[in-house]
Amino acid sequence: IGSYSSLNFNNADVSNSVNPIPKVSTEVPQTAAKLAYERQLESQRQLEEEAAKKVAEQNAARIEAARIAAEEVASRLAAEEEVAKRVAKEEAARIAAQEAEAAKKAVEKETARIAAQEEAARIESARIAALEETAKKAAEEEARIADQEKKAAEEEAARIAAEEEATRKAAEEEAARIAAEEKKAARIAAEQEAAAEKERLRILSVEAESKQRGILQAKLAFDAKNRQRKIAEEARLAERERILALSVEAESKQRGILEAKLIFDAKDRERKITEKLRLAERERFRQLGAEAEAKQRGILQTKLAIDRKALESRKVKEAEEKIIAEEEERARIARDMKEDTSQAGTTTKFETSSTVKTSYESTKSSFVSRDNNTVMTKERTLSTAITAEENDDEERLWQVKKKCKTQRIMEKAQVEGQTGGAGGVSTWEAFLRAEENWKKLRDSEPFEYDPKLKRSVQNGVPPPFQFVTTDGALGNPASWKTLRDQYSSASDGEKEGEKYLDFDVVVCGGTLGIFIATALQIKGHNVCVIEGGELRGREQEWNISMKEMLELVELKVLTMDDLDAAIKTEFPACRSGFKNEEVPTKGSYFENGVGYECFTPDVLNLGVAPSILIENVKQRFIQSGGIVKEKTPIKGIVISDNYGGAVDIGDKGEPLTTRLILDCMGNNSPISRQQRYGLKPDG
C-alpha cells in the first residue's frame, strides 16, 4: 500500500497544463471565414491532442516514478529482511552454540558428579555388601542357633507333651481305679447293709439287745464307707495338684520358647531394616539417574524449541515473500490499467476537470480497496496456515500424550502371565471389558422376583438359572443318584458321622480358596478344591500387609521361607489422595479447594508374587492330603437335608459329595448371581 503513496495525482496540475479553450462563434461564416474557422478548429484539435499527450506522458512518468519508488522500497525491505534474517540466524547460531556449550559443560559436570557418586556408591555398595555378608553369616549362625533352639524346644515340647500324656493316662487310670474302688466300697457297703438288715431282723426276732448291736454294726460300716470316700477324694485332689504343677512347668518352658522366638523376630526385623536401607540407597541412585535424565530431556526440549522457532521464522519469510509477489502483481495490474486509461484519453474528447478528478478518485479508491482486501486475505491465509501447522503439531503431540498413565502401565503387562482367577487378567483390553460390564451393571434397573411363588414367569421376568437347588426334580439326576446310593450303602456308624460322603468340604474356586482349604486340611478335615482353569497366580504383584501375612503363618498355611520367597517389594507407606486435581496440596479441601491426601504406614505396603505364593500353598495343601481338580468347571450343585451336597463337574467325572460347600468363585460366581437375582449393587 505504501508503494502508492507517490501516486497522489492532483487534478489541478492536469488542468493547469492544458491551454484554455477559446470560445468559437456558432454563426455560419463565408467561405474564407469558414476555412479560417476550420483551420482554427484544426489547430485547437492539435493543441488538445498535444495537451492530452503531455498529460499522458506526465502520468506515465509519475507511474514510472511510483514503480521505481516501489521497487526501491521492496529492495530496501528485502535488504532489511535479509539483514534481519542474517542477524537472527547469527543470533540463533550464537545462542545455540552457547546453549550447546553450556549443556556440554553441564553434562560433563553432571557426568563427573554422577561418576563421583557412582564411585562413592560403589564403595558404599562394597561396604554394604561386606556388612551384608557379615550380617548373612551372622544370620546363618543365628539361624543355626535358632534351628538348634527350635529343635531343642520341639524336643522339650514333645517330651512335655509325652509327660502330659503319661500324666493324663495315669490320672485317668487313677480315676478309674478310684471309681472302681468306690463302686467296690459301695457294693461292699450295700452287702454289709443287706447283711446288717438280715441280722437286724434276726435280732429283732430274738431280743432287743441284738437289735442294738446290729444298729452299731451298721453305723460302723457307714463310717468305714465315709472314710474310704474321703481317702479317694484326697487322692484325686493330690493328683490334680500334681497335674497343675506339671502344667505350670510346661508353661514356663513354653514361655522360654516364646522368648527365643521373640529374639529371633528381633534379629529378623534388624535384617529387614538393613534390607530397607539397601533398597532406599538403590532408590536414591535411581532418583539421581532420573534427575540426570530429566536434565538431558530439558536440553533436548530447548533444542526442539529452537528448531520450532527456526521453522516459524522460515514460515514467516515464505509468507512475506508471497505478500511481496502479490504486491508486485498488483502494481503490474495497476500499471496496465493506467496505460489503458491513458490510451482511452487520446481517442475521446477531453472531459471537464471535475469529471476527470471524479473518475480518477473512483479508480484510485477501487485500487486501494482491492489492495487492502488482498492484503487482509493474504494475512488471513498466512494466519490460517500457521494455525493449521500448529494444530497439526498439537494433534501429533496429543496422539503421543493422549494415552493415560494407567493405559501405558497396563499395556506393558505380560500377556503370557495372565490367569483366570481373581485379578488374573491385567491387560488394558480386560480393563475396558470390566469397565463396560460395570457400566451395564450401573445402568441396569432392579426388578422383583419372588422365588416362593409358584409362577415361573412373574410380570414378564423369567426365573433365574437354578445353579444351586434343593428340589429333587431339578438339578443333575446323577448328583441325586450318587447321594442316595452312597447313603443307602453306608453303615449306621457312617451315617451318624456322615462318613459315607467323598469330602468334608468342597471349595469352589481355587485362587483365593486354596488358602482356606489349606487351613481346613491342616486342621484334619478332608478338603477338595475345584478350579475352572489352572490353579496358578498371575505375574502382577498383589499388595498386602505384613500383619495379614503373619496371620497365615500362625495358621500354618505359610512359612517364613514362603514369605521371603514371595515378597518382591516393600515400602514404608501408601499415599491415599482424594483430590480433584493431581497437584501438591496443603491442608484440607476447604483451605486449598483441591482435596486431601495422607500416608498409611504398614498398610498394603508389601508386593507379593501370586505365582510363587499360590504354588507354595498348593503344594502344602496336596502334601497335607488335599485334592485339587484343575480345569474342572462346575455345572451345578444339589443340596439335600438328609444326604448332604453334591457338586456336578460334568464330563470331568462323577459328582463329588460333601458335607459343606464354600463359594470362593468371586464376583462372577453363579451362586451369587442366583442369590442376588433382580437386585442391583448398593455401590
Side-chain angles (χ1 to χ4, degrees), residues 1-80 320-379:
I1 297 172
S3 62
Y4 287 96
S5 61
S6 61
L7 298 179
N8 294 325
F9 294 102
N10 192 344
N11 200 31
D13 296 336
V14 179
S15 62
N16 293 330
S17 64
V18 181
N19 293 327
I21 301 173
K23 296 182 179 180
V24 181
S25 176
T26 57
E27 296 179 357
V28 179
Q30 299 296 327
T31 305
K34 185 177 181 181
L35 293 174
Y37 176 74
E38 291 177 354
R39 283 195 298 271
Q40 185 179 0
L41 290 176
E42 183 67 25
S43 67
Q44 183 180 355
R45 190 179 298 108
Q46 290 177 357
L47 289 174
E48 290 176 354
E49 290 176 356
E50 290 176 359
K53 185 176 180 181
K54 189 180 293 185
V55 171
E57 289 175 354
Q58 290 176 356
N59 291 337
R62 287 190 180 91
I63 292 170
E64 183 66 21
R67 186 185 63 79
I68 293 171
E71 290 177 353
E72 290 176 355
V73 171
S75 62
R76 182 173 58 80
L77 291 176
E80 290 178 355
E320 289 176 348
E321 290 177 352
K322 290 181 180 179
I323 292 173
I324 291 172
E326 291 292 335
E327 288 178 351
E328 293 177 353
E329 180 67 20
R330 288 197 301 273
R332 186 184 64 78
I333 294 171
R335 187 167 56 251
D336 294 341
M337 293 185 68
K338 294 299 181 182
E339 292 177 357
D340 296 339
T341 303
S342 62
Q343 292 176 2
T346 59
T347 57
T348 59
K349 289 185 177 181
F350 213 84
E351 300 176 353
T352 60
S353 59
S354 61
T355 306
V356 174
K357 182 177 181 181
T358 303
S359 177
Y360 175 74
E361 290 295 335
S362 64
T363 303
K364 178 183 175 183
S365 63
S366 66
F367 273 110
V368 172
S369 176
R370 186 173 62 183
D371 294 341
N372 289 334
N373 292 335
T374 305
V375 172
M376 292 176 65
T377 302
K378 294 301 178 183
E379 289 178 351

Can K54 and E50 be counted as an ion pair, charged N to O under 4.0 angstrom? no
In Å and rounded to the nearest 0.5 Å, what is the CD to CD distance from E64 to E71? 7.5 Å
Step-by-step salt bridge (charged side-chain N to carboxylate O under 4.0 Å, His left out) determination, R76 to E72: CA-CA 6 Å; R76 182 173 58 80; E72 290 176 355; over 6 Å; no
Starting at CG of L47, measure out to CD of Q40 and round the result to the nearest 0.5 Å. 10.0 Å
Would you sort out whether R39 and E42 count as a salt bridge (charged side-chain N to carboxylate O under 4.0 Å, His left out), showing the intermediate values? CA-CA 5 Å; R39 283 195 298 271; E42 183 67 25; over 6 Å; no
